[in-house]
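This report concerns only the one structure given below.
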Amino acid sequence: MKFLLTTIILLTLFSCNNGANKAVEGEAKNPVIFADVPDMSMIRVGDTYYMSSTTMHMSPGVPIMKSNDLVNWEIVSYAYETLDDVDELNLENGKNAYGGGSWASCLRYHNGTYYVSTFAGVTGTTYIYSTNDIENGTWEEIKFHPSYHDHTIFFDDDGKTYMIWGVGRLNIVELKDDLSGIVEGSERVLIENASAPAGDNIGLQAEGSQLFKVDGKYYLFNITWPRGGMRTVIIHRADNLNGPWVGQVALQDRGIAQGGMIDTPEGDWYAYLFRDYGSVGRIPYLVPVTWEDGWPVLGVDGVVPDTLNLPASKGLIPGIVASDDFSREAGEPDLPLVWQWNHNPDNSLWNVNGEEGYLRLTTGRIDNTLPEAKNTLTQRTIGPVSTGETYIDVSNMKEGDAAGLTLLQQKYGWVGVKYEEGSKYISMVTSQSGTEEEVERIPLEGENIYLKATCDFTDLKDVANFYYSLDGEEWHKIGSELQMQYTMPHFMGYRFGLFNFATKETGGYVDFDYFNIKIL
């Protein structure tokens with residue numbers, strides 16, 4: 001994950017080596033999820049798989065996904081509603097948690113209890129969440145200092161619990177029986193130089209630890225990034241947790257790396273890894289694993305296959321993203337799990353009228369640009385080509401308000417309505433140049449508007465366009481094409497977002513009638 005990334009790493013973020021893949025017979029295709037689901041951690045309980053992932057500064061956070069076949073996933077829970085109460089996560093006092101928040105969680109199941117651990121540099125804290133019901137239960141929180149970077153939690157057969165973390169030099173510490181902190185004096189170096197199997201010219205030192213025990217042997221997964229090369233999977237093996245550890249390069253293919261391994265009830269093994277894929281984000285791959293001389297061998301002749309002998313994908317809608325007409329039956333939650341707020345929301349300034357079917361966003365403070373705005377409601381974009389569409393009532397905006405539909409990252413774009421000097425305008429805004437710029441505006445006569453954004457991630461094309469319509473039938477392109485770019489300050493794939501913010505006075509509101517997402 002993110003740790004002292006250098007300029008050379010930024011310039012080579014998306015690895016080449018795009019040679020032809022060898023395929024294995026089957027129906028599923030890689031990537032298994034063409035959306036931003038990075039830093040996966042996975043378990044199997046019986047015949048059901050669960051996976052946690054990273055959503056950084058979003059709230060709620062640490063999504064928990066469920067699958068019965070390793071291919072088709074749905075979000076079933078989050079570990080927390082809000083990570084913590086600090087200015088950065090609250091988007092207050094000029095501070096933000098872009099590129100921060102929590103990441104690289106570790107999901108485990110032990111003695112009937114599910115555990116998710118994560119960390120946050122912005123709070124200097126390590127967090128452990130637990131529940132007996134991963135799909136419907138509430139999560140109990142334990143937190144302690146310091147913040148253990150890219151850690152793995154491990155429940156060993158001797159009844160002790162350990163945490164391994166670090167970058168390059170990997171450390172291990174024993175946790176107290178109640179997981180409330182570390183056992184004093186137990187911290188030590190586990191592997192002095194975990195990057196060594198990949199050579200001595202390393203740009204990104206080994207990180208992203210995930211530890212497994214199979215047939216009495218310990219297997220520690222990490223990634224590293226040799227200079228001039230690509231993200232590389234490193235596996236260390238030991239007969240004893242105290243070592244000695246022996247490491248080797250396990251995979252170098254298109255930068256597909258970072259994760260761990262999982263077995264099926266039938267005894268097959270797969271590695272779950274992700275690939276940096278431009279502006280859509282970091283997308284998950286499954287890699288067949290065979291065993292030779294006690295080592296997991298990843299891929300087919302060292303290559304990640306395009307197809308897998310697993311059930312075909314039924315699509316990411318509605319398990320990962322979904323349309324929403326904001327109509328609700330009694331007892332249904334205001335927001336389905338596909339939605340996340342950009343930073344911690346102010347819950348007094350939004351509501352879903354489930355009977356009439358709309359989302360209302362009300363302004364409560366003055367902001368200057370979209371990334372500063374409270375209560376931007378988001379969903380992932382998905383590849384290869386997807387579109388998001390909404391319909392809003394802008395009749396209750398106030399002077400200086402801006403509301404609409406965005407594609408959110410550091411270099412964002414949006415289409416929406418501005419209310420300035422007593423008049424409303426359809427506007428397309430972009431930060432393509434590094435500063436926010438209005439590219440085009442058109443007077444709006446009525447009080448309702450249809451808005452649409454399309455994004456094309458095919459072969460790293462990474463372009464987006466914005467449209468408006470007055471009747472929902474005839475669409476008009478507005479503004480300029482957005483060249484989307486995955487940037488480290490946000491460290492997240494582009495998100496569709498619904499927003500409303502004030503630049504002059506508070507209390508204005510807009511009603512979003514629906515949000516539709518489609519794969520084109």
Open item on the list: Strictly below 4.0 Å, N to O, side chains only: are R380 and D36 in salt-bridge contact?
Closed with: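 No.
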- [ ] May I ask you to say whether K29 pairs ionically with D306, meaning some side-chain N is under 4.0 Å from a carboxylate O?
- [x]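 No, this pair does not count.
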Open item on the list: Could you walk me through whether W139 and S77 satisfy the side chain to side chain donor-acceptor pair (under 3.5 Å) test, starting with their C-alpha distance in whole Å, then the side-chain angles of each, then the deciding distance to 0.1 Å, before giving a yes or no?
Closed with: CA-CA 10 Å; W139 292 83; S77 179; 3.1 Å; yes
Looking only at the aromatic ring of each residue, does the gap between the centers of [Y] and [X] stay below 6.0 angstrom?
X: Y80; Y: Y129; result: yes
X: F499; Y: W414; result: yes
X: W103; Y: F119; result: yes
X: F221; Y: F212; result: yes
X: F155; Y: Y162; result: no

Examine the side chains of [X] and [Y] and answer whether a donor and an acceptor come within less than 3.5 Å of each other.
X: N111; Y: T113; result: no
X: N72; Y: S67; result: no
X: T131; Y: D133; result: no
X: Q258; Y: D39; result: yes
X: Y218; Y: K213; result: yes
X: D513; Y: Y358; result: no
X: Y467; Y: E389; result: no
X: H151; Y: S117; result: yes
X: Q485; Y: T487; result: no
X: S52; Y: S105; result: yes
X: Y115; Y: R108; result: no
X: Y486; Y: R282; result: yes
X: N344; Y: W341; result: no
X: Q210; Y: Y272; result: yes

Open item on the list: Walk me through whether Y49 and R44 qualify under side chain to side chain donor-acceptor pair (under 3.5 Å).
Closed with: CA-CA 4 Å; Y49 305 93; R44 177 176 63 83; 4.8 Å; no
- [ ] Determine whether more than 12 heavy atoms belonging to other residues, nucleotides or ligands lie under 6.0 Å from atom NZ of K518.
- [x]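 Open.
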TODO: Answer yes or no: does atom CG of D471 have more than 12 heavy-atom neighbours from other residues, nucleotides or ligands under 6.0 Å?
DONE: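 For D471, atom CG is crowded (more than 12 foreign heavy atoms under 6.0 Å).
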Taking all heavy atoms of [X] and all of [Y], pick out the closest pair and write down the distance.
X: A322; Y: I317; answer: CA-CG2, 4.4 Å
X: F466; Y: M428; answer: CD1-CE, 3.6 Å
X: D150; Y: G208; answer: OD2-N, 3.1 Å
X: F496; Y: T387; answer: CZ-C, 3.7 Å
X: V304; Y: R254; answer: O-NH2, 2.9 Å
X: T378; Y: R495; answer: OG1-NH1, 3.1 Å

Closer than 3.5 angstrom, by distance alone: can the side chain of [X] be matched with the main-chain N or O of [Y] as a donor-acceptor pair?
X: S209; Y: I164; value: no
X: Q409; Y: M484; value: no
X: E332; Y: E329; value: yes
X: T54; Y: M56; value: no

- [ ] Show your working on side-chain contact (heavy atoms from CB on, under 4.5 Å) between V463 and L482 and close with a plain yes or no.
- [x] CA-CA 6 Å; V463 295; L482 175 67; over 6 Å; no
Task: Mutual orientation of the aromatic rings belonging to F326 and W339 [parallel < 30°, tilted 30-60°, perpendicular > 60°] - done: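 Plane angle under 30°, so parallel.
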TODO: Take H57 and N342, measure what side chain to side chain donor-acceptor pair (under 3.5 Å) needs, and give me the verdict at the end.
DONE: CA-CA 7 Å; H57 53 275; N342 177 33; 3.3 Å; yes
Open item on the list: Enumerate the salt bridge (charged side-chain N to carboxylate O under 4.0 Å, His left out) contacts for residues 317-327, please, sequence neighbours excluded, ordered by first and then second residue.
Closed with: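 For residues 317-327: D324-R328.
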Task: Result of checking W73, F457, F274, Y277 against F34 for ring-ring contact (aromatic ring centres under 6.0 Å, His included) - done: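 For F34, the ring-ring contact (aromatic ring centres under 6.0 Å, His included) check succeeds only for Y277.
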Task: side chain to side chain donor-acceptor pair (under 3.5 Å) between S469 and E474, worked out - done: CA-CA 6 Å; S469 173; E474 183 178 0; over 6 Å; no
